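Notes follow once the structure below has been shown.
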Amino acid sequence: MTKITPALVKEHGLSDAEYKKILGLMGREPSFVELGIFSVMWSEHCSYKSTRFHLKKLPTKAPWVIQGPGENAGVIDIGDGDACIFKMESHNHPSFIEPYQGAATGVGGIMRDVFTMGARPIAMMNALRFGEPSHPKTRHLVNGVVHGIGGYGNCMGVPTVGGEVNFHRSYNGNILVNAMCVGLARQDKIFLSAAKGAGNPVVYIGSKTGRDGIHGATMASAEFDDASEEKRPTVQVGDPFTEKLLLEACLELMATDAIIAIQDMGAAGLTSSSAEMGDKGGSGIELDLDHVPQREANMTAYEMMLSESQERMLAVLKPGREAQAEAIFKKWELDFAVIGITTDTSRLVVKHKGEVVADMPITALSDEAPVYERPYTERAPVTGAPAYDKSKPVLASLKTILASPDMASRRWVWEQYDHTVMADTVQVPGGDAAVVRVHGTNKALAITTDVSPRYCRPDPFEGGKQAVAEAWRNLTAVGALPLAVTDNLNYGNPQKPEIMWEIVAGIDGIGAACRALDFPVIGGNCSLYNETNGEGILPTPAIGAVGLMQDVSKMATVAFKRAGDVVIVIGETRGHLGQSIYLREIEGREEGASPPVDLAVERKNGDFVRGLIEAGRVDTVHDCSDGGLLVAIAEMALPRGIGASVGLAGLPDAIPFWFGEDQARYVIATPFAEAEKIVAEARAAGITVAELGKTGGDLVTLDDKNSIAVAELKAGFEGWFPKFMAGEEIPVTN
Amino acid sequence: MKARVFITLKNGVLDPQGKAIGHALNGLGFGSVGEVRQGKVIDLELSGSDAEAAKADLKAMCEKLLANTVIEKYEIELKG
Amino acid sequence: MKARVFITLKNGVLDPQGKAIGHALNGLGFGSVGEVRQGKVIDLELSGSDAEAAKADLKAMCEKLLANTVIEKYEIELKG
Amino acid sequence: MKSAVIVFPAANCDRDAKTALTQMTGKEPHMVWHQDSELPDVDLVVLPGGFSYGDYLRCGAMANQSSIMGAIKAHADKGGAVLGICNGFQVLTEAGLLPGALMRNAGLKFLCKPVGLTVEETQSSFTRKYDKGQEIHIPIAHGEGNYYADEETLDRLEGEGRVVFRYTDNPNGSARDIAGILNEKRNVLGLMPHPERVVDDALGGTDGRAIFQSLIEALS
Ligand SMILES: Nc1ncnc2c1ncn2[C@@H]1O[C@H](COP(=O)(O)OP(=O)(O)O)[C@@H](O)[C@H]1O
Ligand SMILES: [Mg+2]
């Protein structure tokens, strides 16, 4: 028997106080296997010990929420007996170590979270943050991550329809890879993870267990230093072919009524899946590891319990249904084994080679897991409007901004993702939100992921609000009614009070916005300790969100469609340059207050715009965010090469007007007669609105004076990414 | 000079391709086939004639580019 | 028994992957690198001990599945 | 027209093929499991796109070993129509039902985008509803669509009017810009682009329809 020494306890990431608590709960010294189980279940990754207290403050209820946080994914009602199931999750640390496999297994993991609930995945998104383009590692990481996401998602036959890519030096040593999966199910066919009842068989499905990623879960909760690149554990390798079989086999089994509970094996594999299922069902679980399908010889109980081999699921069946289930998995050529039974003891008992290697109360792993109200130090938000050079020419700045790393087209990325498979993608990447039809109907789901990390360091609260508001705005801009949110909270080390403050304020900001916009949080994921050598990332609370369109034929897109349309901006432009793209790209400074979000105005303006789209009165809409008004207009001109002539009489300061990042704004374009009515209606409703000019020609013209060719803007916009990647190394391939 | 570099997955690292190939071969009636692992072979033409220098170069190429040493190992063969 | 099968592109068939690797190696400062070709190596465990029979089997596996003889050639190595 | 779609493990465009066939013919196709050894009585067999067997080893290589392949060859021998889309095209070359091979894209990247094609041949049951020389747009989604055959084979394909679709702006390095070819008897077509993704107005184009309309006219 391995002796439990203080050093071993420390290696497992458990503090002295936590170990003392374990001794108390067990009433004895834990075995080595038990120590391993505690270490993963009490890790930040599985227990949310630093954030649980604060996450409780998020609004999670609405009449259309079928399942909020607490299950593998959240579920919402989208009418007609249909349900939409979605979740977002990070795979940050593994992707930094091995970008291809890290990103690929991230995609595989989040898909399992969604199909384990009975949904067929219909769309994938990914929110990516990399270090500065000039950092020697960046290109390699971009290349590997994009190939990994495509390699896995394309093979699964699920369209990857959008996401985000940002570059910032704070991610130089710690990239973020957040993947989101959206699935569809019937409301009467949703599967949960509560292993209710005693005497039911516990079955193992999928790939064999190997020594993959042992301690991955604890690794995901520990800070990096330069040496950790050498100490890396066995990286998990994704097998999308097996996952595709697993998906089809699970859906086939779910069509029967053999399942009591089912849960994917994600981080901390067998340990967390069995403990969570027992915990939720209020029952005990007894496992016999001798029956676990094994890929390698001589695996120990410790290794099997902690393995993070991919493409595996655990299910509890109704007694007597084993043969029926086995036949399905054999047909799909997957491993299937009965490895245990549920009990009425509320204990997790693990046997190996005839010996009991672990025997512990399940509540010790769940309810009793530590929860910390970590101390935090409030910091006043950065305030003030930064100075700027009034002499800079507006159109030259526009061109520079459109060709800058954070603003340039992401076509290089999304053309490597199959975004049209399943033949329901009605809005492809590049617009405000992806739109995917509900197969065989006229309904559609709009999907987006958003956060502006540059707003979140100067003002974590407003940054959190803004992330939600922007997601809501993007869904609105295509004509969808925003329904719910899944968050992915990426932050630094919560044991530092100044970082803990960023987390707390960020969650408060998200909560405030979600409440004001009727936009409940139905799931999420926290990734903490994102720092290298003591330097934290920008706070990055990514928001994934889904909205519903009743009639997809009314969908709006960003592209100008006709010459002669009137260009209108809805919402007030004050010229907020603080933390703007303009200031950073043109003046080289990250300064000033983050733009505040007035949630009441946000809602009013958005509801107004959505009403126009739903009524079929407007088909051309773009939300106005990163880069400001003129950038939004240019982005509407680029897709079809239709220009516009815009201006506003009596502008005192052109630069803040055209490039300020005031919130709650939309640009729309519509024929004259309709435009007149819309402006009048907006004014009557107390909504700020301005006519800026007309579409047409192949130039963007400002104040009837200066022009720039749309083609010239487009060359820069489309050119940056391919040029950046051209110094590219060889794509990772099989 | 000609060199051949083999790049194979480290022991213990899952090899989905190898697994699928083994499965297919069994299915085709090749019952004698046990574990299968797939790797890459890279054939290079090298100028110069110093074998030791070439080996050192090849090693550097593997570490820097050819192998993903997180999951792969490599072998180098010089063919004079 | 262990066997190793090499599958490489036939001469004359363009190998974009090999070309890209060569280009990248040159770019990394390995100026001595000339032509590069990439292929596959497949390692198999075989039961049985008859080397001749194993070779015949391996040849059949290559023809049937492992290689696409329109573009690829193969070599077989038995390692006892 | 009666049709069947072969279901290979992970050939994930089988549902898309089914949807398009149902929409175009008004009849659901038979979905045929790869381990079956017989085909139902059909006029058209579709080998769908996707990643059969994960594209492990070589695209299409393992699918070609399925039990159903014998029946597909027999169907083709008897003059029955066979349509291989993307991965299905790769399977058909592996099976020897079409000449040549599909190699990794010259740019080494998977590419998903609409591409321009010219219809080179209308003398086939697959393309009679197009105009000769017509330019159409159909999406591709593949990492290995770089068509290769030796010069002699290419000359023969051209000479016999078996190059059916050519890229207007070659995305993958294919020999002579080839996007789709026929077998000698002109009853087997393989193409890399996905016509089943452009039969519905909501999806940004309908240029794929004419393939199905041609088949309906020719086979009904
Ligand atoms: N930031 C968050 N906001 C809301 N819910 C969260 C958040 N983080 C985690 N959750 C919820 O906690 C539960 C456990 O999350 P997680 O361990 O990531 O699930 P899984 O193991 O299935 O991936 C999930 O229901 C998840 O939605
Ligand atoms: Mg889960």
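Please read all numbers here as calculations on a predicted model, not as lab measurements. Chain naming here is simple, since letters A, B, ... match the order of the sequence lines and numbering starts at 1 in each.
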Handout entry: Neighbour count >12 (heavy atoms, 6.0 Å) for atom NZ, C:Lys19
Key = no
Problem - Side chain to side chain, D:Leu57 and C:Ile42, heavy atoms closer than 4.5 Å - result: yes
Fill in the blank from the handout: Counting heavy-atom pairs under 4.5 Å with chain D, the top scorer among C:Val13, C:Asp15, C:Leu14, C:Val70 is C:Val13
Completion exercise
When rounded to the nearest 0.5 Å, the distance separating CG of C:Asn68 from CD of D:Gln90 is 11.0 Å
Handout entry: Over 12 foreign heavy atoms within 6.0 Å of CD, D:Glu38
Key = no
Completion exercise
Heavy-atom closest pair (C:Ala20 atom, D:Leu108 atom, distance to 0.1 Å) is CB-CD1, 3.4 Å
Practice task
Please say whether more than 12 non-hydrogen atoms of neighbouring residues, nucleotides or ligands are located less than 6.0 Å from CD in C:Glu45.
Solution key: yes
Exercise for the section: Could you tell me which non-hydrogen atom of C:Lys64 sits nearest to which non-hydrogen atom of D:Gln65, and how far apart they are? Expected result: O-NE2, 2.8 Å
Handout entry: Distance-minimising heavy-atom pair for C:Pro16 and D:Ala106
Key = CB-O, 4.0 Å
Exercise for the section: Please examine the side chains of C:Leu9 and D:Met103, heavy atoms only from C-beta on, and report whether any two atoms are closer than 4.5 Å. Expected result: yes
Exercise for the section: Flag yes if more than 12 heavy atoms outside C:Lys10 fall under 6.0 Å of its NZ atom; otherwise flag no. Expected result: yes
Problem - D:Arg58 to C:Leu66 - nearest heavy-atom pair and separation - result: NH1-O, 2.8 Å
